[in-house]
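Structure first, then comments.
So you know, we letter chains A, B, ... as the sequences are listed, proteins then strands, and number each from 1. Quick caveat: nothing in here was measured; it's all calculated off a predicted structure.
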2 protein chains.
Amino acid sequence: MARAHWGCCPWLVLLCACAWGHPKPADLGGQDVRNCSTNPPYLPVTVVNTTVSLTALRQQMQTQNLSAYIIPDTDAHMNEYIGQHDERRAWITGFTGSAGTAVVTMKKAAVWTDSRYWTQAERQMDCNWELHKEVGTTPIVTWLLTEIPAGGCVGFDPFLLSIDTWESYNLALQGSNRQLVSITTNLVDLVWGSERPPVPNQPIYALQEAFTGSTWQEKVSGVRSQMQKHQKAPTAVLLSALEETAWLFNLRASDIPYNPFFYSYTLLTDSSIRLFANKSRFSSETLSYLNSSCTGPMCVQIEDYSQVRDSIQAYALGDVRIWIGTSYTMYGIYEVIPKEKLVTDTYSPVMMTKAVKNSKEQALLKASHVRDAVAVIRYLVWLEKNVPKGTVDEFSGAELMDKFRGEEQFSSGPSFETISASGLNAALAHYSPTKELNRKLSSDEMYLLDSGGQYWDGTTDITRTVHWGTPSAFQKEAYTRVLIGNIDLSRLIFPAATSGRMVEAFARRALWDAGLNYGHGTGHGIGNFLCVHEWPVGFQSNNIAMAKGMFTSIEPGYYKDGEFGIRLEDVALVVEAKTKYPGSYLTFEVVSFVPYDRNLIDVSLLSPEHLQYLNRYYQTIREKVGPELQRRQLLEEFKWLQQHTEPLAARAPDTASWASVLVVSTLAILGWSV
Amino acid sequence: MARAHWGCCPWLVLLCACAWGHPKPADLGGQDVRNCSTNPPYLPVTVVNTTVSLTALRQQMQTQNLSAYIIPDTDAHMNEYIGQHDERRAWITGFTGSAGTAVVTMKKAAVWTDSRYWTQAERQMDCNWELHKEVGTTPIVTWLLTEIPAGGCVGFDPFLLSIDTWESYNLALQGSNRQLVSITTNLVDLVWGSERPPVPNQPIYALQEAFTGSTWQEKVSGVRSQMQKHQKAPTAVLLSALEETAWLFNLRASDIPYNPFFYSYTLLTDSSIRLFANKSRFSSETLSYLNSSCTGPMCVQIEDYSQVRDSIQAYALGDVRIWIGTSYTMYGIYEVIPKEKLVTDTYSPVMMTKAVKNSKEQALLKASHVRDAVAVIRYLVWLEKNVPKGTVDEFSGAELMDKFRGEEQFSSGPSFETISASGLNAALAHYSPTKELNRKLSSDEMYLLDSGGQYWDGTTDITRTVHWGTPSAFQKEAYTRVLIGNIDLSRLIFPAATSGRMVEAFARRALWDAGLNYGHGTGHGIGNFLCVHEWPVGFQSNNIAMAKGMFTSIEPGYYKDGEFGIRLEDVALVVEAKTKYPGSYLTFEVVSFVPYDRNLIDVSLLSPEHLQYLNRYYQTIREKVGPELQRRQLLEEFKWLQQHTEPLAARAPDTASWASVLVVSTLAILGWSV
């Protein structure tokens with residue numbers, strides 16, 4: 001789980017927000033909001049004056065003969081996190097929330113956003129802006145039809161609308177005598193001018209071979225082989241998602257917060273490889289690694305990023321068929337390819353191939369999780385000692401967590417903003433503390449930590465919830481039911497190619513049984529030094545079917561508004577299951593290696609099968625993480641690990657006798673004298 | 001489950017057939033199939049000569065200037081079972097399978113059907129017909145494009161294509177320079193002429209008030225109130241599904257096999273009620289019951305069935321908005337309503353209201369299940385005595401089952417063709433025995449009985465699988481795992497409005513665990529003397545969410561090709577669940593009251609919770625069915641019931657699992673790796 005988005009597709013954000021019951025945002029130190037109904041209006045100091053920039057934008061609109069201009073919250077690659085230079089909606093409106101669309105007409109300006117951001121928008125926007133407490137294209141178009149005259153044109157930057165979003169605007173405007181007009185020069189950028197933050201320009205580097213599952217040449221050959229086998233015989237694959245190009249060439253950079261990507265496209269044809277990026281960012285070694293001085297089928301020609309649309313358009317003049325994944329292709333590319341030359345799938349072959357990790361990638365991702373566990377355990381041990389002193393707060397805690405992770409080998413920063421939430425704050429969706437606004441950690445409260453790291457060998461994401469004092473019976477029950485959900489899904493055996501949606505209820509059953517539930521999804525894919533929320537793997541209805549070699553998080557939770565929040569998140573590998581009767585069955589192998597909080601487990605709620613699973617898992621943690629702690633002389637942490645992975649014994653009364661009988665017999669079998 | 005279709009939507013049939021792994025049809029006494037490649041062709045005696053009728057059809061096509069004519073397997077109401085006079089595809093092709101589309105061009109004729117019917121088609125069709133082993137509109141259109149010239153017209157009867165099917169043909173033909181032409185006179189009917197079986201003409205009767213949940217006046221008011229609350233303010237609701245009209249007016253007849261419906265449409269406006277049917281079929285009492293001699297808003301005007309299209313078209317001339325359920329409206333009605341006057345939902349408000357039974361309907365449906373249990377128990381007792389004699393076969397058994405049901409109060413025949421399958425036949429999808437072709441029941445084999453009844457108070461559907469001898473360990477294990485699946489889903493507690501798709505895996509988990517599964521759906525809705533497969537309730541992805549008051553079957557199974565088949569099907573009511581913490585949760589209350597086969601239950605596989613559930617269920621059966629058996633002096637059956645509902649006890653060490661936990665814990669404590 002992460003703060004801003006959850007899953008790479010924007011709808012997930014909404015799902016999450018809605019299902020969580022629109023919890024009120026954390027008290028951000030006063031709800032000082034604007035009041036535009038007084039004269040003069042009341043504007044808090046947090047408001048940004050947008051009059052000048054709006055006037056300049058309307059001038060640009062006039063030049064283009066537009067009645068309205070749409071400013072979405074996206075960038076050109078459907079990135080989950082977007083760069084500062086892409087935060088056009090935030091800049092023009094003053095409202096910095098991660099989700100929301102702005103529309104400007106010659107007379108009015110308005111923002112549509114979901115309930116998470118209503119207060120924030122009222123604190124940041126001046127009275128030039130209407131706030132619409134709705135989302136989706138339908139309310140926007142309904143508003144547009146009343147605000148702009150018949151015959152009016154609605155402009156948009158085609159690189160900021162996905163094919164689906166464009167189709168939805170187009171459908172809603174059909175027959176309305178208002179026209180959608182694609183304008184490739186972004187009008188906000190023109191107004192933003194020199195104030196606009198620069199596009200990142202750090203070096204793009206190749207991963208060491210030790211950290212890659214295959215060479216880029218092998219990957220390119222693999223994609224070409226899929227092209228040849230495809231019924232519609234595409235002549236090229238076009239990659240628009242940054243993670244696709246990063247994965248294909250084993251290249252990384254740091255253009256995007258938390259994601260080690262760089263702005264790029266790839267056009268991989270049957271006879272050439274064209275990588276669209278800023279050439280000056282490649283060192284001569286990297287250019288040589290890419291074999292970029294030649295023009296053969298295994299030479300990567302670097303072309304300028306800005307040329308991609310023209311180049312695709314020129315390529316499409318030939319007798320070609322271009323294979324795209326429609327989920328990640330923006331309308332700006334789509335509109336220059338004649339429909340009969342398109343071969344469309346929801347996801348590109350790179351997206352689909354990347355979803356299944358080969359054995360080396362699996363080993364790498366597992367190794368990163370062992371080191372990640374060391375960092376998390378160091379932090380949990382430190383908390384256990386320091387929280388009772390009353391000196392730790394959510395923010396300083398998060399900073400220390402990030403620091404410990406940063407000290408791990410191959411670390412490349414956090415994989416998302418650390419969620420460090422104490423007490424009632426843990427019940428808030430998308431909560432993260434700030435230096436100014438945070439809560440002290442206490443032995444009287446539960447504490448939720450959801451965090452992850454980027455390492456050269458893998459990306460991690462883990463959530464643990466702890467209590468250092470005396471949890472209430474309800475807290476223990478809720479925690480244990482969340483744990484049972486995690487175990488029930490993790491140990492489930494299911495047929496190959498089952499959709500995650502069909503099985504995610506196993507993570508909820510123990511909660512449902514008592515009338516409890518959680519309002520978010522149950523898990524998402526994860527990459528090898530790529531996205532922490534790697535689509536299209538997961539448990540949502542539009543995720544692809546489970547297959548051996550995929551990694552997914554498993555993260556049930558429970559949230560009591562105004563009191564506490566629980567989430568237990570592990571990353572798991574999809575593996576073949578050995579079943580009594582032969583068949584193609586799968587199960588999960590958990591690769592997150594941090595024990596759960598014994599203080600919060602009510603053993604009497606666990607079945608023998610749960611206990612058996614849990615004790616085996618703890619044994620695995622000891623085997624994987626123990627030696628690493630010893631090797632690094634982290635003896636206090638080693639001792640903590642041993643204590644926290646002691647096998648749990650059934651506490652059911654009628655089993656006490658069985659326990660003694662069995663212990664005695666086991667010891668007897670082992671030849672011990674009792 | 002039933003033989004011909006499963007669920008009212010045609011795709012379900014395919015899903016079922018595909019998922020079941022295309023089992024070969026039962027040995028129908030020789031695979032004597034045609035051979036069109038010899039000269040002269042070889043034609044078995046089962047083939048129908050279609051030359052004359054095809055020539056006549058082509059003359060009709062020529063008159064209409066058609067290059068091709070589509071003959072679907074549907075009727076005008078999306079009925080699951082269709083009347084003989086609607087079996088146009090069967091009559092023109094000779095092929096009588098329940099699924100398959102025929103297309104005739106001036107030179108060729110072809111049938112598309114799924115694997116269940118390939119052999120049957122080769123035994124029944126003469127060499128005028130090509131057999132295409134594919135389904136769906138895409139292969140049909142692909143074939144059409146090669147067979148008919150550019151500019152050619154493809155005719156179809158608009159009352160036999162659903163809106164969706166029409167859209168799919170239309171989309172596939174777009175830009176191909178071939179045109180779809182709607183012809184309201186069915187050309188096959190013209191050729192069929194006087195040989196065509198007559199349209200049923202039995203009386204249409206009103207249900208006694210004792211058997212209805214509400215009066216038709218209350219139902220009409222309820223629908224009108226939904227119209228008023230609807231955002232788009234429809235002025236009328238159009239009902240095309242026969243079950244909608246039957247339900248709305250509490251009227252029944254026997255036009256359709258197994259379904260007590262009559263051919264009809266209803267146009268319910270804000271100020272009038274127009275019922276399209278054959279007026280001569282209503283007695284004066286029924287006309288008076290319908291208040292049909294007046295014209296006010298609570299008077300039912302009977303108009304002729306054949307007038308529906310013209311009447312709708314005329315009504316649509318006014319300032320009106322007609323609310324339809326697109327799933328059950330055929331293109332022949334849809335095409336006469338201007339798009340801007342349509343208010344569309346997937347299902348009509350009648351379909352949605354009917355899905356949730358009120359308390360009286362619940363009581364009625366439950367009562368019919370008690371009597372149905374008596375009939376099934378009588379049959380099971382009889383089998384127990386007679387199967388060892390070697391005198392019972394699948395067909396005579398099915399006849400006796402139907403006879404016992406027929407003797408129950410309020411009986412109105414079976415609700416589908418009884419599936420009576422012994423040994424390997426039970427592993428075949430859609431198997432039903434015939435008088436000529438059937439298998440003897442034996443104490444050495446398992447026997448599967450899937451059957452149901454129509455009663456004035458309710459429709460039933462139950463499957464039991466039994467073994468009178470010594471089942472193999474694998475048969476017992478498989479049976480017990482199917483039973484666990486049934487129990488796990490039946491006792492599940494889940495949030496209100498959960499989709500069935502999200503929870504159906506609970507019926508599979510115990511099978512999956514051992515590498516077993518079943519290839520069909522997990523359940524379907526059921527009506528009050530209506531459809532045995534009442535859409536849209538169920539566990540498929542396109543079923544609607546579960547709500548209190550719905551009834552669904554729960555029917556996991558296991559099928560071992562060539563050996564045996566197991567299915568345990570109960571009907572269950574969705575009820576509120578009492579949870580420890582307050583919330584809106586649901587669970588199931590099983591209303592089928594026949595015990596499972598003790599001979600096939602391996603108690604050691606059941607958890608204490610399963611045993612507790614099962615024993616409670618058995619207690620309920622005793623309470624519900626016992627007194628009924630006693631009242632009717634069915635003392636042998638009463639004794640049998642008591643024996644078969646004896647509480648099951650855990651077979652000693654349910655402690656095996658505890659043992660392993662404790663051994664594991666002990667060894668772990670000792671520092672052993674397990």
Could you state the interatomic distance from [atom1] ([X]) to [atom2] ([Y]), rounded to the nearest 0.5 Å?
{"X": "R509(A)", "Y": "R509(B)", "atom1": "CZ", "atom2": "CZ", "value": "8.5 Å"}
{"X": "Y581(A)", "Y": "L516(B)", "atom1": "OH", "atom2": "CG", "value": "6.5 Å"}
{"X": "D513(B)", "Y": "E609(A)", "atom1": "CG", "atom2": "CD", "value": "9.5 Å"}
{"X": "W512(A)", "Y": "T587(B)", "atom1": "CH2", "atom2": "OG1", "value": "11.0 Å"}

Option in A514(A), A577(A), A505(A) with maximal non-hydrogen atom pairs under 4.5 Å from chain B: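 Of the candidates given, the most pairs with chain B belong to A514(A).
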Measuring heavy-atom distances to chain A, does L492(B) have an atom under 4.5 Å in its side chain, in its backbone, in both, or in neither?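 Contact with chain A involves the side chain of L492(B) alone.
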Contact origin within F494(B) toward chain A - heavy atom pairs under 4.5 Å: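 Contact with chain A is through both the backbone and side chain of F494(B).
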Proximity breakdown for F506(A) and chain B, heavy-atom pairs closer than 4.5 Å: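 For F506(A), heavy atoms of backbone and side chain both lie under 4.5 Å from chain B.
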Interface residue of largest heavy-atom contact number with chain A, from L511(B), T579(B), T498(B), under 4.5 Å: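 Of the options given, most contacts go to T579(B).
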I'd like to verify something: which residue of P495(B), S499(B), S584(B), P582(B) has the highest number of heavy-atom pairs under 4.5 Å with chain A?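 Result: the option with the highest number of such pairs is P495(B).
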Would you say that more than 12 heavy atoms from the other residues, nucleotides or ligands in this model lie under 6.0 Å from the [atom1] of [X], or not?
{"X": "K624(A)", "atom1": "NZ", "answer": "no"}
{"X": "R616(B)", "atom1": "CZ", "answer": "no"}
{"X": "K578(B)", "atom1": "NZ", "answer": "no"}
{"X": "K341(B)", "atom1": "NZ", "answer": "yes"}

Apply ring pair (Phe, Tyr, Trp, His ring centres under 6.0 Å) to H610(A) and list each qualifying residue two or more places apart in sequence or on a separate chain.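 Checked H610(A) against ring pair (Phe, Tyr, Trp, His ring centres under 6.0 Å); zero matches.
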So do the side chains of R508(A) and M502(B) get within less than 4.5 Å of each other, counting heavy atoms only?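 Yes, at least one pair of side-chain atoms sits under 4.5 Å.
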Any side-chain heavy atom of N517(B) sitting closer than 4.5 Å to one from Y585(A)?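 Yes. Closest side-chain heavy atoms under 4.5 Å.
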